[in-house]
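For reference, the structure is listed below as structure tokens.
We count residues from 1, following the sequence as given. Numbering of ligands and ligand atoms starts at 1, following listing order. Here the structure is a predicted model, which means the values were calculated and not measured.
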Amino acid sequence: MSEDNSPHVITLGTAGGPRWWRYREQKVRAGISTAVVVGDAVYMIDCGYSAGRQLVEAGHSLDAVQAVFLTHLHSDHIADLASIAMFSTFEITDEEREAIVLIGPGDRGVLPTVSPHAKVPPRPVSGHSPTPGTIETFTRLVEANATDLNERILDSLRPSPLDMFQPQDIVLPKGIGFEPNENPAPQMDPFVVYEDTRVRVSAILVEHPPMAPAFGYRFDTDDGAVVVSGDTAFTPNLITLAEGADLLLHEAIDLEWLTAKFPDPTSAQARAIRSHHERSHTSISDALAVARSADVSQLALHHLVPGTSGPSLERQLADETGLNAVVPNDLDIIPFGQHR
Ligand SMILES: [Zn+2]
Ligand SMILES: [Zn+2]
């Protein structure tokens with residue numbers, strides 16, 4: 001817990017990718033999830049694996065969580081959403097409280113285009129509704145657990161996650177030209193998606209193809225502002241969103257690792273994996289460029305790919321001067337209030 005009451009971030013989990021990264025004796029980083037703490041209120045961004053457990057490890061509980069924001073619907077960002085929803089039936093002790101607002105992307109509306117390397121046409125799962133948004137994803141997770149939940153609800157008289165959470169699909173501003181396959185991150189202004197007495201949260205589209213829509217979020221408080229990039233390649237929208245913020249949490253991929261892991265330029269699979277990472281994620285130098293262009297006070301790299309690359313990234317940041325840039329561990333506390 002923070003010594004004083006100034007706003008801060010807790011890096012609940014700092015690994016990116018649908019993996020349990022492990023390397024020799026290194027500790028496995030938890031999946032990507034971030035808590036923004038303002039006074040006695042907690043706001044979560046993404047629910048990677050172990051997010052709920054990490055929240056408790058950090059000394060908080062679901063009782064304090066006002067809202068959860070999903071940057072996009074990749075599994076490494078929502079792996080723990082089901083357990084958070086199910087466990088809420090016991091973890092939330094104040095049943096009179098208002099529902100936790102769950103905000104995230106709406107239905108993509110159209111499937112991604114099929115890879116030109118496909119030998120036979122792949123069959124998508126859930127053909128009747130293959131690109132659900134936040135409301136439908138959450139509802140289906142709850143429904144998949146009906147046997148458990150109905151026992152809790154009927155026999156133990158516990159509340160339903162459908163009452164404890166209020167899922168919302170983000171509605172994009174009109175006329176910005178968004179198209180999931182052709183134009184996933186048109187240049188735009190941030191727009192407000194949530195507001196209460198402590199925070200105003202704005203979103204902007206970021207570039208994470210073929211996933212779309214994908215968002216970065218900015219939290220403005222009376223004492224300072226923090227921005228979370230979500231998964232994104234370099235995009236001018238993020239510079240717009242982060243302008244003048246006190247803290248930017250930016251995703252980062254270790255390109256040295258990527259090149260070492262997939263060195264063979266003649267391998268089609270190696271080329272495909274490298275190209276996916278390079279067009280959908282951000283190198284350390286580009287993350288630094290975004291932080292400098294946006295004139296933020298501090299940069300923290302998270303959503304680390306690979307999830308074992310802390311020492312390598314720190315070494316690559318060692319030459320950085322003029323910008324306070326860190327590679328946090330899980331459960332680090334980073335104050336962002338101007339009184340820190
Ligand atoms: Zn991710
Ligand atoms: Zn992603």
query = Mind checking whether the Zn ion (ligand 2) has an N, O or S of His74 under 2.8 Å?
reply = yes

request  = Provide the closest heavy-atom pair for His250 versus Ser229 in the form atom of the first, atom of the second, distance.
outcome  = CA-OG, 3.5 Å

message = Among the N/O/S atoms of Asp231, which is closest to the Zn ion (ligand 2)? Give the atom name.
response = OD2

message = Using a distance threshold of 2.8 Å, state whether an N, O or S atom of Asp76 lies below it from the Zn ion (ligand 2).
response = no

query = Under 30°, 30 to 60°, or over 60°: which ring-plane class applies to His303 and His281, parallel, tilted or perpendicular?
reply = parallel

task = Mind reading off the angle at the Zn ion (ligand 1) between the NE2 atom of His77 and the NE2 atom of His303, rounded to 10°?
result = 100°

key: Plane angle bin for Phe69 and Tyr43 - parallel if under 30°, tilted between 30 and 60°, otherwise perpendicular   = tilted

key: Closest approach of Asn145 to Leu141 (non-hydrogen atoms, all atoms of both residues)   = ND2-O, 2.8 Å

